[in-house]
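All of these numbers come straight from a predicted model, not from anything done at the bench.
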Amino acid sequence: MVLSTGTKKIKTAVFISGTGSNLKSLIKFSKLKKSPISIDLIISNNPRSKGLKFSKIFKIKKKIFDFEKKKLAESKIIFELKKKKINLICLAGFMKVLSKNFINNFDGKILNIHPSLLPKFKGLNTHKRAIMSKDRYSGCTVHFVNSKIDSGRIIIQKKVKILKDDTAKTLAKKVLTQEHILYPKAILKIFSL
Ligand code: GAR
């Protein structure tokens, strides 16, 4: 793996689009001594992302980019990430699909968290689809990002039992709680290889 910890923490950018609860859990994790990463930048495509508040709370620089002009947005982001010497990108509820060109610029250095047991239920509405399929378990996955949606190498997964009376909402809540534990675990796992 290209990434190496050395003595300094790995400069990390977290990409969000919404609430940012995974961002918050990653920031808290990054402050632990055992964490190999520091969070140096928050990026969003959505100026109304609730998660942007964590920029102020934790004094982390934030940048917002308009993905209506995706090519331009991505080249501005690449410039920003290189300028700040960012060496790891964590997608955390980032709801835009990054281009092949963007991914090639950070090959093997982009992680994503997805709310299903991949390869099941790639894409959107994962909880509803898991319930409709009458699956007994759903869960979450942290994986490397490649140019195919939700298809890169899996790092770690956590199962969550689907109960008879679960709705997409109750299942989402249970899975999200596990996501907050799983993302830091995945980061510890890849850097202890
Ligand atoms: C999380 O459940 C994450 O797995 C999911 O969005 C939610 C974001 O929550 N991501 C995707 O669906 C990506 N395709 P958060 O903003 O509170 O971290």
Worksheet item: Between Thr177 and Lys173, is there a donor-acceptor pair closer than 3.5 Å when you use the side chain of the first and the backbone of the second?
Response: yes
Under 3.5 Å, sequence neighbours excluded: what are the donor-acceptor pairs made by side chains of residues 56-67?
residue, atom, partner, partner atom, Å
Asp66, OD1, Glu68, N, 2.9

Worksheet item: Roughly how far, to the nearest 0.5 Å, is the CG atom of Leu23 from the NE2 atom of His180?
Response: 10.0 Å
Worksheet item: Does any pair with a residue in residues 129-139 pass side-chain hydrogen bond (donor to acceptor under 3.5 Å, both in side chains), and if so which ones, sequence neighbours excluded?
Response: Lys120-Asp135
Practice prompt. Ignoring hydrogens and angles, state whether a donor on the side chain of Ser17 or Ser49 is under 3.5 Å from an acceptor on the partner side chain.
Written response: no
Discussion item. Quick check: is Ile113 connected to Leu111 through a chain of hydrophobic side chains (ILVMFWY, heavy atoms under 4.5 Å apart)?
Written reply: yes
Item to complete: Would you name the heavy atoms of Ala186 and Val142 that are closest together and state the gap between them?
Response: CB-CG1, 3.5 Å
Practice prompt. Go through the structure and list residues passing side-chain contact (heavy atoms from CB on, under 4.5 Å) with Asn146, not counting sequence neighbours.
Written response: Lys148, Ser151
Worksheet, complete the sentence: Sorted by chain and residue number, the side-chain contact (heavy atoms from CB on, under 4.5 Å) partners of Lys100 (sequence neighbours excluded) come out as Asn104, Ser147
Item to complete: List, by chain and then residue number, the residues other than Ile181 in its hydrophobic cluster (Ile/Leu/Val/Met/Phe/Trp/Tyr, side-chain heavy atoms under 4.5 Å); write none if there are no others.
Response: none
Worksheet item: In the hydrophobic clustering that connects Ile, Leu, Val, Met, Phe, Trp and Tyr at side-chain heavy-atom distances below 4.5 Å, which members other than Met132 occupy its cluster, ordered by chain and number?
Response: none
Item to complete: Output, in order, the C-alpha distance, side-chain angles, deciding distance and verdict of side chain to side chain contact (heavy atoms under 4.5 Å, CB included) for Ile89 and Lys109.
Response: CA-CA 6 Å; Ile89 295 170; Lys109 297 179 178 183; over 6 Å; no
Worksheet entry | Members besides Leu124 in its Ile/Leu/Val/Met/Phe/Trp/Tyr cluster (side-chain heavy atoms under 4.5 Å) | Met95
Response to the item:
CD (Gln157) and CD1 (Ile155) are apart, to the nearest 0.5 Å, by 10.5 Å
Item to complete: Can you spot which of Leu176, Leu182, Ile16 makes a side-chain contact (heavy atoms from CB on, under 4.5 Å) with Asn22?
Response: Leu176
Discussion item. Looking at every heavy atom in both Ser44 and Leu52, which two are closest together, and how far apart are they?
Written reply: CB-CD2, 4.0 Å
Worksheet item: For the residue pair Leu117 and Lys159, what are the closest heavy atoms and their distance?
Response: CD1-CG, 3.9 Å
Worksheet item: Going by heavy atoms in the side chains, are Cys90 and Tyr183 under 4.5 Å from each other?
Response: yes
Worksheet item: If you count the non-hydrogen atoms of other residues, nucleotides and ligands that lie under 6.0 Å from NZ in Lys161, is the total more than 12?
Response: yes
Discussion item. So Asn87 and Thr12, do their side chains get closer than 4.5 Å, heavy atoms only?
Written reply: no
Discussion item. Applying the side-chain contact (heavy atoms from CB on, under 4.5 Å) criterion to Ile43, which one of Val14, Ile86, Leu91, Leu81 satisfies it?
Written reply: Leu81
Practice prompt. Looking only at non-hydrogen atoms, find the nearest pair between Asp150 and Gly123 and report the distance.
Written response: OD2-N, 2.8 Å
Side chains of residues 165-172: which donor-acceptor partners sit under 3.5 Å, not counting sequence neighbours?
residue, atom, partner, partner atom, Å
Asp166, OD1, Thr170, OG1, 2.7
Asp166, OD1, Lys174, NZ, 3.4
Asp166, OD2, Leu163, N, 2.8
Asp166, OD2, Lys174, NZ, 2.5
Thr167, OG1, Lys169, N, 3.3
Thr167, OG1, Thr170, N, 3.1
Thr167, OG1, Thr170, OG1, 3.4
Thr170, OG1, Thr167, N, 2.8
Thr170, OG1, Thr167, O, 3.1

Worksheet item: Hey, what else clusters with Leu118 if you join Ile, Leu, Val, Met, Phe, Trp, Tyr whenever side-chain heavy atoms sit under 4.5 Å?
Response: Ile154
Worksheet item: Can you list the steps and then say if Thr141 with Ile156 is a side chain to side chain contact (heavy atoms under 4.5 Å, CB included)?
Response: CA-CA 6 Å; Thr141 304; Ile156 194 168; over 6 Å; no
Worksheet item: Going only through I, L, V, M, F, W and Y residues with side-chain contacts under 4.5 Å, is there a path from Phe94 to Ile39?
Response: no
Item to complete: Could you list the residues that satisfy side-chain hydrogen bond (donor to acceptor under 3.5 Å, both in side chains) with Ser116, not counting sequence neighbours?
Response: His114
Discussion item. Minimum heavy-atom separation for Glu80 and Leu41, please, with both atom names.
Written reply: CG-CD2, 4.1 Å
Worksheet item: Is Ile42 reachable from Ile10 through a run of I, L, V, M, F, W or Y residues, each pair having side-chain heavy atoms under 4.5 Å apart?
Response: yes
Discussion item. Test side chain to side chain contact (heavy atoms under 4.5 Å, CB included) on Leu188 and Phe29; report intermediate values, then the result.
Written reply: CA-CA 10 Å; Leu188 284 173; Phe29 166 68; 3.8 Å; yes
Discussion item. Applying side-chain contact (heavy atoms from CB on, under 4.5 Å), can you list everything that pairs with Ile78, at least two apart in sequence or on another chain?
Written reply: Lys82, Asn101, Phe102, Asn105, Phe106
Worksheet item: Do Leu32 and Leu88 share a hydrophobic cluster (ILVMFWY, side-chain heavy atoms under 4.5 Å, transitive)?
Response: yes
Worksheet entry | Between SG on residue Cys140 and CD on residue Gln178, distance to nearest 0.5 Å | 6.5 Å
Discussion item. Please determine whether side chain to side chain contact (heavy atoms under 4.5 Å, CB included) holds for the pair Lys9 and Ile37, giving the CA-CA distance in whole Å, both sets of side-chain angles, and the decisive distance to 0.1 Å.
Written reply: CA-CA 5 Å; Lys9 292 198 176 192; Ile37 65 162; 5.7 Å; no
Worksheet item: Is there a side-chain contact between Ile27 and Phe54, using heavy atoms and a 4.5 Å cut-off?
Response: yes
Worksheet item: What pair of heavy atoms forms the shortest contact from Ile149 to Val97, and how long is it?
Response: CD1-CG2, 3.8 Å
Fill in: CD on Glu179 to OG on Ser25, rounded to 0.5 Å
9.0 Å
Practice prompt. Sort and list the pairs that fulfil side-chain hydrogen bond (donor to acceptor under 3.5 Å, both in side chains) and have at least one residue in residues 26-38, not counting sequence neighbours.
Written response: Ser38-Asp40
Discussion item. Just verifying a value: how many Å separate Lys189 NZ and Ile187 CD1, rounded to the nearest 0.5 Å?
Written reply: 13.0 Å
